[in-house]
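As C-alpha cells, the structure follows; a few thoughts come after it.
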Amino acid sequence: MVRKQVNTFPPEVYYGLSETGKSLEQLLLHIESWMENYQLQHTTELDPMKEKQK
C-alpha cells in the first residue's frame, strides 16, 4: 500500500496500491469469476422453484 500525506490543515491523506498490490489484479479477477460461477451453480441447485421449472 502507498500512503501520501499533504501537509494542509486539516491534513489530506491519500492511499493507493503499490506495484506489488497491482500485480495481484488478474489473480483477484480470476478468483472473482470463479466465485460468481460457483455461486450461480450452487444457488440454482438449492432453489426449489428452479427445480420445478425444469
message: Using the side chain to side chain contact (heavy atoms under 4.5 Å, CB included) criterion, which residues pair with Val2? Sequence neighbours excluded.
response: Ser18

query: Do any pairs count as a ring-ring contact (aromatic ring centres under 6.0 Å, His included) and have a residue in residues 1-25, sequence neighbours left out, and if so which ones?
result: none

message: Take a 6.0 Å sphere around CE of Met1 and say whether it holds more than 12 heavy atoms from other residues, nucleotides or ligands.
response: no

- prompt: Transitive ILVMFWY cluster of Leu24 at side-chain heavy atoms under 4.5 Å: who else is in it?
  reply: Leu27, Leu28, Ile31

query: So which pairs with a foot in residues 26-37 pass side-chain hydrogen bond (donor to acceptor under 3.5 Å, both in side chains), sequence neighbours left out?
result: none

query: Of the non-hydrogen atoms in Ser23 and Thr20, which two are nearest, and what is the gap between them?
result: OG-O, 2.5 Å

statement: Residue pairs meeting salt bridge (Lys or Arg N to Asp or Glu O under 4.0 Å), one or both in residues 4-19, sequence neighbours left out, come to Glu19-Lys22

